[in-house]
Amino acid sequence: MNIGYESFKRKNVKLKKYYLLIDVCNILCSHKIIMACVTTQVPRHTVAILGGGIAGLSAAYYINRKYGPSVRPVIFEASGRSGGWVQSFKNDNSLFEVGPRTIRPAGVPGMSTLDLIEEIGLDGNINYVPADHPSAKTRFIHLNGRLVRLPMELATLWKTVEPFDRPVSQTLLKEIFIPRKKVEDDSLHGFVSRRFGQRIADTVIDPLVRGVCAGDARKISAKFIFGPGPLGIEQKYGSVVLGGTLMTILRRQHPDPHENFPNLKEIGTSTLATTARSEGWSVWTLEAGLESFPVKLKEKLTEAGVAIHENSSVKSIIFDEGRQSSEVEYLDSKTNTLNKLECSHVISAIPSLNLASILENSKPNLSSISRNLRTIGSADVTVTNLKYPGNVLELQAFGFLVPSIEKELEGLLGVVFNTCSFPQGEDTILTVMSQGIDIDTIDKHIRNILGLKDPSVVDVRLLSNCIPQYTVGHYERVENLRKLIQESKLPLTLIGASYDGVSVNDCVFSGRKASEYLPLDSIRSG
């Protein structure tokens, strides 16, 4: 204690009532508590993030990392848990996944996800499948009442093998002479059947689309699986084979959609990403299940002081006339109270249909944007996890898919052989994806196709509107949506599976992009 101050107190008894307050302040200052409060930066902007799935959590994480205390992200999640469709659970001492079960380390988004996994400290929990593993090299389709292995070896190009009706090399040669069809977009089935024949479209593309997005290849955009490359090559060169070969000879590449991303060269430089590339990982997962990814992100955000309001559904957004701020109205279902948050910007990481409902209750009138949002539909999928005691599956493969031409298996999309990729003791675990069929029908199909019966664990879950459907013209619709938002000067950013890709990598990267291009004035990186 300062000696001069003690002398001052004895001489000025009339000020005694203030001394206690001064003494408390001195104690606080000695513990640097007051100094910490003084130097804590008050947020200059608040960003409301609708949705606590993997995209929303990623956006909040990257915003907090980039801007620090200058920008305060606030997450609103309607359900009682964060993580969205990334959900794992244990039953009978075995691990099961409800949503995605593996992630591919592919492209810029794939490398970015691995960088993030290392950054948040989950790199020691990785399990991966190498490229030479049976589950990476072997895939089946169900055709004409039996499982048919899809040919993946180069040698099969020159001979007729199932499920094809001619050598693939012959199909590729014929493609050179097929005239182009001038289109902005085409269905996957339409594009492939036109360029490479209906057999390939029916037996490869159709089941692939059913397995990836539970969709109809005759409706899904060719740009969804292939990107703009093959369609663009056809439009420019007439032939995909000829154009692709010419581009290879001239060392021309398709435009990289991420080439202008800030600090692009830094992506994929983590030890984990470098290892995945050098060792040729096919897919990877996490030891405790993929849900440990969003759980860890939530933990990091909570440590950083980011507010995550679960059981809180956004009901409306009021954009002011100058579009400089917004007011988000949300319902806390636990207390049944309506609350409001003023913010500088809104990031929507919820399904497009959910956002459309919110905007229809918002001000000003945003009916044109809502109508466009409603053009992006989604599909329901039933996920059935089955556990069989013992190593009872003879096939070593990723699994099998079912083409839509297999009418006797209507409703069955595919089956994943989980424990072929990631063993769990001596047990056999399968995941069945289906639409509109019950467990008895599923059990009958598994008995007939794989010879497995009497599972010890049966877990059936209907995932409603879980996979957005990128139908023909999707990318143009999304581009138009963002143009409408820009022209309306709305402080609103669209991210997540409804727009730029349905994979975990796509969703995580969309959150990262939102942080990089956040249109807030006068903020500096933290």
Side-chain angles (χ1 to χ4, degrees), residues 49-61 75-104 113 116-117 120 122 125-127 211-214 283-302 308-313 333 349-351 354 378-387 399 413-416 418-419 421-422 424 429-435 439 457-468 495-498 501-508 510-511:
I49 299 175
L50 315 188
I54 195 69
L57 292 170
S58 299
Y61 179 86
I75 297 175
F76 298 98
E77 169 55 44
S79 73
R81 56 171 290 278
S82 299
W85 296 116
V86 184
Q87 186 176 0
S88 315
F89 69 96
K90 281 206 163 187
N91 189 336
D92 192 31
N93 296 317
S94 295
L95 181 67
F96 300 88
E97 299 284 1
V98 175
R101 47 200 42 78
T102 57
I103 299 175
R104 291 192 174 279
T113 300
L116 178 57
I117 288 292
I120 63 178
L122 287 176
N125 302 89
I126 289 276
N127 285 332
V212 171
C213 68
V283 295
W284 61 270
T285 189
L286 295 167
E287 289 179 358
L290 278 184
E291 189 176 1
S292 52
F293 183 12
V295 166
K296 190 68 172 181
L297 275 177
K298 179 182 175 182
E299 178 187 311
K300 291 290 184 181
L301 290 169
T302 303
I308 302 175
H309 298 289
E310 294 176 342
N311 297 294
S312 298
S313 54
S333 61
I350 58 178
N354 295 18
S378 56
D380 299 344
V381 178
T382 298
V383 174
T384 303
N385 280 295
L386 303 171
K387 175 181 175 180
L413 303 176
V415 179
V416 180
N418 295 313
T419 43
S421 298
F422 301 105
Q424 295 194 47
I429 296 175
L430 309 178
T431 298
V432 181
M433 297 161 292
S434 62
Q435 291 175 321
I439 184 59
V457 174
V458 178
D459 184 89
V460 183
R461 306 195 187 200
L462 173 62
L463 310 185
S464 299
N465 298 316
C466 63
I467 307 182
I495 67 170
S498 287
V502 300
S503 73
V504 172
N505 287 331
D506 293 327
C507 291
V508 171
S510 71

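Keep in mind that the numbers below use all heavy atoms, side chains included, and drop hydrogens, waters and symmetry copies.
- Judged purely by atom type and a 3.5 angstrom limit, Glu77 uses its side chain to pair as donor or acceptor with the backbone of Ser79.
- Side-chain contact between Arg81 and Lys298: absent, with no pair of heavy atoms (C-beta onward) separated by less than 4.5 Å.
- With sequence neighbours excluded, the residues satisfying ring pair (Phe, Tyr, Trp, His ring centres under 6.0 Å) with Phe76 are His309, Tyr330.
- Here the straight-line distance linking atom OG of Ser88 with atom CZ of Phe293 works out to 12.5 Å at 0.5 Å rounding.
- Of the residues listed (Thr285, Val504, Asn505), the one engaging Pro100 in a side chain to side chain contact (heavy atoms under 4.5 Å, CB included) is Val504, and it is the only one.
- Expressed to the nearest 0.5 Å, how far CG of Leu462 lies from OG of Ser464 amounts to 4.0 Å.
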Exercise for review: Start with the C-alpha distance between Thr384 and Thr431, add both sets of side-chain angles, then the distance that settles side chain to side chain contact (heavy atoms under 4.5 Å, CB included), and finish with yes or no.
Suggested key: CA-CA 6 Å; Thr384 303; Thr431 298; over 6 Å; no
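- The side-chain heavy atoms of Pro351 and Ser498, taken from C-beta on, include a pair separated by under 4.5 Å.
- Shown here are the side-chain contact (heavy atoms from CB on, under 4.5 Å) partners of Ser333, two or more places apart in sequence or in another chain: Asn311.
- Heavy-atom minimum distance, Leu95 versus Gly289: CD2-N, 3.5 Å.
- Between the side chains of Gln424 and Thr419, no donor-acceptor pair is found at a separation under 3.5 Å.
- Here the side chains of Ile54 and Leu297 are in contact, with some heavy-atom distance below 4.5 Å.
- You'll find the side chain of Trp284 reaches within 4.5 Å of the side chain of Ile117, heavy atoms only.
- Considering Asn418, Leu430, Asn91, Ile429 as possible partners of Lys387, the one that fulfils the side chain to side chain contact (heavy atoms under 4.5 Å, CB included) test is Ile429.
- A distance of 5.5 Å separates CG of Leu122 from OG of Ser292, quoted to the nearest 0.5 Å.
- When side chains are defined from C-beta on, Thr113 does not count as touching Leu116, because their heavy atoms never get closer than 4.5 Å.
- A cation-pi arrangement is not found for Arg101 relative to Phe96, the charged atom failing to lie both closer than 6.0 Å to the ring centre and inside a 45° cone about the ring normal.
- Using a 4.5 Å heavy-atom cutoff, the side chains of Leu57 and Leu301 are in contact.
- Side chain of Ser510 to backbone of Gly496: a donor-acceptor contact under 3.5 angstrom is found.
- Contact annotation: the side chain of Leu286 never approaches that of Asn127 to less than 4.5 Å [non-hydrogen atoms, C-beta and beyond].
- Not counting sequence neighbours, the partners of Glu299 by the side-chain hydrogen bond (donor to acceptor under 3.5 Å, both in side chains) test are Lys296.
- Here the CD1-CG distance, from Ile439 to Leu386, works out to 5.5 Å after rounding to the nearest 0.5 Å.
- In this structure, Arg461 and Thr382 have side chains that are not in contact, with every pair of non-hydrogen atoms separated by 4.5 Å or more.
- Here the side chain of Ser312 pairs a donor or acceptor atom with the backbone of Glu310 at under 3.5 angstrom.
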